[in-house]
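Following: one structure in structure tokens, then a few remarks.
In each ligand, atom 1 is the first atom listed, and ligand 1 is the first ligand listed.
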Amino acid sequence: MDRQKGIEVLFNPRSIAVIGASSTKGKLGNDVMRNLIDSGYEGRIYPINPKGGEILGQKTFRSVKDIASDIDVAVIVIPAKFVLPAVKECGEKGVKALVIITAGFKEIGHEGQESEKKLVELAEKYGMVIQGPNCLGIINTHAPYNASFSAGTPKKGTIAFASQSGALMTGILDWSLMEKIGFSKFVSLGNKAHLDEADFIDAFGNDPDSTFILLYIESVVDGKKFMDACRRVVPHKPIFVVKSGVSEAGARAASSHTGSLAGSDTAYDVAFKQSGVSRAVDMAALFDVASVYDDMNLPAGNRVAIVTNAGGPGILTTDACEASGLDIAQLSNDTIEHLKSNLPAAAAVYNPIDALGTAQPEDYALCVEAALRDENVDSVLVLLTPQAMTKETETARVLVESREKYPDKPLIAVFMGGNSMVYPRIVLTEGKIPVFDFPERAVHALAELYKYTLHRDSLKDEAIPKFNPNKKKVQEVIDGVRRDGRRVLLGSEAHEIAEAYGIRVARIRLATSSEEAKQHAEELGYPVVLKIASPDIVHKSDVGGIRVGLTKPEEVEEAFLQILDSAKQHMPKAIVYGVDVQEMAEKGKELIIGCSRDVQFGPLIMFGAGGIFVNYLKDISFRLAPMTRTDAEELINETKMGMLLKGVRGEPPSDIAAIEDTILRISQMVTDFEEIVELDINPAFAYVSGQGISAVDVKITIGG
Ligand code: ADP
Ligand code: MG
């Protein structure tokens with residue numbers, strides 16, 4: 001069955017079999033039964049247990065095959081060794097979706113991995129979908145139904161939550177009951193043997209009961225599938241993710257700059273960015289945004305009005321806004337006049353609006369409503385501190401009325417304090433005004449909402465530029481390297497590949513004797529550069545393997561011998577193929593452009609300030625290939641080098657179009673040739689506008 005159809009059944013089953021249902025308290029099969037019944041599930045429940053009898057008032061069957069009517073979903077809570085035969089029976093019975101709670105699969109090693117594979121084979125054979133194994137179960141509060149062994153059922157709401165950790169879910173559930181946060185779907189992903197996060201993202205995207213998607217993941221199963229799903233969903237629903245754990249990519253061998261500069265988590269960061277997903281710093285931040293989103297419209301812009309009864313909190317909030325990319329709104333003259341004529345003379349009528357410690361509920365209403373009306377304001381933060389004359393609860397009530405009068409902009413409350421704020425906060429929450437105890441968290445949540453609107457709007461369907469490279473040439477070079485039993489290309493070979501993709505390089509030729517070197521120099525034209533040619537020597541300068549600015553044959557001859565000599569001294573074991581002779585390129589701005597490969601997401605392109613200080617400056621940024629022109633533009637703009645290239649202090653701008661073009665050609669190259677596992681161009685010299693670039697050091701490693 002189509003996976004999405006399968007998840008639809010999983011979300012709204014008409015009948016559920018619980019394989020491993022138990023009447024013994026404390027057994028998971030008992031918890032699942034109890035949750036199903038307690039959640040108010042209205043479909044048929046079929047407990048399956050070979051012992052027969054009744055469980056929680058429901059007649060028990062020995063096998064799903066003994067049930068006459070159709071079964072939509074089977075929840076499996078039996079020991080691992082019985083799971084495969086049970087799944088087969090479900091397949092034969094025509095069950096559409098399975099929730100396999102049982103653990104003891106991939107997570108226990110090879111044997112478990114093998115049986116997990118068989119599970120998936122059975123699912124495919126019988127057209128079923130599988131959630132899990134090794135999961136907590138699934139809850140749909142709107143159905144309603146709870147097919148999990150959680151302690152309790154979450155409140156009904158609009159947040160769809162999927163988690164790779166079942167234990168974390170139980171913690172969140174318990175906490176959400178106290179915080180009165182509601183969920184639409186609660187999905188424990190488990191081992192993700194069959195249905196994975198991307199399948200559920202699409203399903204949440206299509207689910208009318210879910211408006212906001214939260215994910216906790218440690219890894220994704222399929223990078224491209226994940227990004228595609230997110231790109232489909234983000235334009236109409238936010239996806240906020242907490243990603244923990246170091247990805248396997250961290251373990252990859254990295255000999256290139258690009259490989260070593262990309263942290264183990266970089267690919268995830270970039271993948272989220274390129275698919276419009278918001279990454280939350282931690283679980284608390286995740287739910288802060290959810291609580292703000294749930295009850296409000298999205299801010300149309302980043303201009304915030306602050307209303308307060310105390311100076312200090314107002315300043316704190318202002319600082320937090322500025323640090324988070326939110327602007328303090330410039331109030332309109334009408335608003336200022338209105339506030340001036342209605343507030344005490346000592347009040348501050350500009351933003352933040354300080355209605356003073358004596359502010360009464362009606363003063364709050366006046367200020368907040370004026371701010372909500374003001375067309376220069378996109379959202380309003382209202383702060384209250386408990387002072388001698390403050391009427392906390394009454395103020396909360398008045399704010400709820402203001403909210404109802406002006407429902408179109410985000411309004412977030414920060415009621416600072418302890419005991420005196422407990423009840424007022426309940427009034428606000430019930431009146432659909434999200435409330436925080438400290439300003440920074442409120443500001444952060446608002447800023448994340450605003451950033452979501454930017455992510456959403458940045459997702460464009462832009463074509464990937466296509467060039468017309470000489471792929472045959474590239475294949476020839478790669479085949480030659482393979483035949484030679486190498487993975488690291490010589491400089492001359494790497495330059496050939498770059499050239500085949502239309503990248504401008506300083507021409508280079510391998511010489512095996514000083515005579516040949518002089519001949520190459522003659523043909524290339526003086527001045528020339530000589531470089532050691534050895535697959536074992538990655539950083540040529542470090543071994544005295546480079547001589548630049550050679551202007552005559554005698555210098556070439558002398559440099560040839562000296563380079564070989566120096567390499568021998570520094571790295572006696574290195575296999576040396578000769579010395580490369582290269583035309584001397586005019587100096588320009590030094591750039592690095594490179595690529596490494598991530599296990600989940602594929603080619604990760606790096607751009608930044610090049611030269612010998614790359615590792616120290618770390619002025620670099622990343623994108624996943626294949627890239628659009630906008631991706632290339634943004635990649636450059638994210639670095640400080642991007643700023644320098646535009647021309648500072650009277651310098652003319654560099655040829656940014658040519659740099660973009662080079663990045664896009666590399667993006668295509670590493671997409672076309674998966675065997676290119678690492679690539680470093682460092683440096684490429686960038687020249688003034690119209691003069692292009694010149695790559696002088698191209699390093700390529702191919703996969704084994
Ligand atoms: P490596 O990075 O292995 O030490 P490079 O080929 O990058 O070797 O050379 C080191 C430095 O020498 C470069 O950063 C660049 O400044 C200079 N250089 C190398 N080749 C050329 C060239 N063809 N024209 C001008 N300068 C060059
Ligand atoms: Mg270099």
Does N682, backbone or side chain, put an N or O under 3.5 Å from an N or O of ligand 1? yes
P683 to ligand 1, any heavy atom closer than 4.0 Å: yes
Show me which atoms of ligand 1 lie under 4.0 Å from any heavy atom of F685. 25 (C), 26 (N)
One residue to check: K531. Relative to ligand 1, which of side chain, backbone, both or neither has a non-hydrogen atom less than 4.0 Å away? side chain
Give the ring-plane orientation class for F204 versus F200, where under 30° counts as parallel, over 60° as perpendicular and anything between as tilted. tilted
Is the shortest side-chain N to carboxylate O distance from R597 to E678 below 4.0 Å? no
Spacing of S596 atom OG and I676 atom CD1 [to the nearest 0.5 Å]: 13.0 Å
Test salt bridge (Lys or Arg N to Asp or Glu O under 4.0 Å) on K225 and D199; report intermediate values, then the result. CA-CA 9 Å; K225 182 178 164 190; D199 296 314; 3.1 Å; yes
One finds that the ligand 1 atoms under 4.0 Å from a non-hydrogen atom of E590 are 14 (O), 16 (O)
Check: of A684, G491, S541, min heavy-atom distance to atom 10 (C) of ligand 1 comes from S541
Answer yes when K273 and D631 have at least one side-chain N-carboxylate O distance shorter than 4.0 Å, and no when they do not. no
Validate the cation-pi geometry between R486 and Y577: distance from NZ or CZ to the six-membered ring centre under 6.0 Å, angle to the ring axis within 45°. yes
Determine, using heavy atoms of K587 and all atoms of ligand 1, whether some pair is separated by less than 4.0 Å. yes
If I take every N, O or S atom of D697, is at least one of them less than 2.8 Å from the Mg ion (ligand 2)? yes
Test of ring centre spacing under 6.0 Å for F212 and F240: yes
Protein heavy atom under 4.0 Å of atom 21 (C) of ligand 1: yes
Look at atom 18 (N) of ligand 1 and say which protein heavy atom is nearest, naming residue and atom and giving the distance to 0.1 Å. V548 CG1, 4.1 Å
Proximity to ligand 1 by part of V538, non-hydrogen separation under 4.0 Å: backbone
Metal proximity, S541 vs the Mg ion (ligand 2), N/O/S cut-off 2.8 Å: no
Go through the steps to decide whether F601 and Y268 satisfy the test ring-ring contact (aromatic ring centres under 6.0 Å, His included), and finish with yes or no. CA-CA 8 Å; F601 295 101; Y268 274 95; 5.0 Å; yes
Give yes or no for whether the N/O distance cutoff of 3.5 Å, strictly under, is met between K540 and ligand 1. yes
Above 12 or not: heavy atoms from other molecules or residues under 6.0 Å from CD of E114? yes
Yes or no: does I546 have any heavy atom under 4.0 Å from an atom of ligand 1? yes
So if I count the atoms of ligand 1 from 1 in the order they appear, which ones are less than 4.0 Å from some heavy atom of K699? 1 (P), 2 (O), 3 (O)
Run the side chain to side chain donor-acceptor pair (under 3.5 Å) check on N191 and N134 step by step: do they pass? CA-CA 6 Å; N191 289 4; N134 185 23; 3.0 Å; yes
Indicate yes or no: does an N/O atom of A585 lie under 3.5 Å from an N/O atom of ligand 1? yes
Between D327 and R303, does at least one N-O distance fall below 4.0 Å, as a salt bridge requires? no
List every atom of ligand 1 that sits less than 4.0 Å from any heavy atom of D697, numbering the atoms from 1 in the order shown and giving each element. 1 (P), 2 (O), 3 (O), 5 (P), 6 (O), 7 (O), 8 (O)
What are the atoms of ligand 1, with element, lying closer than 4.0 Å to any heavy atom of Q582? 20 (N), 22 (C), 23 (N)
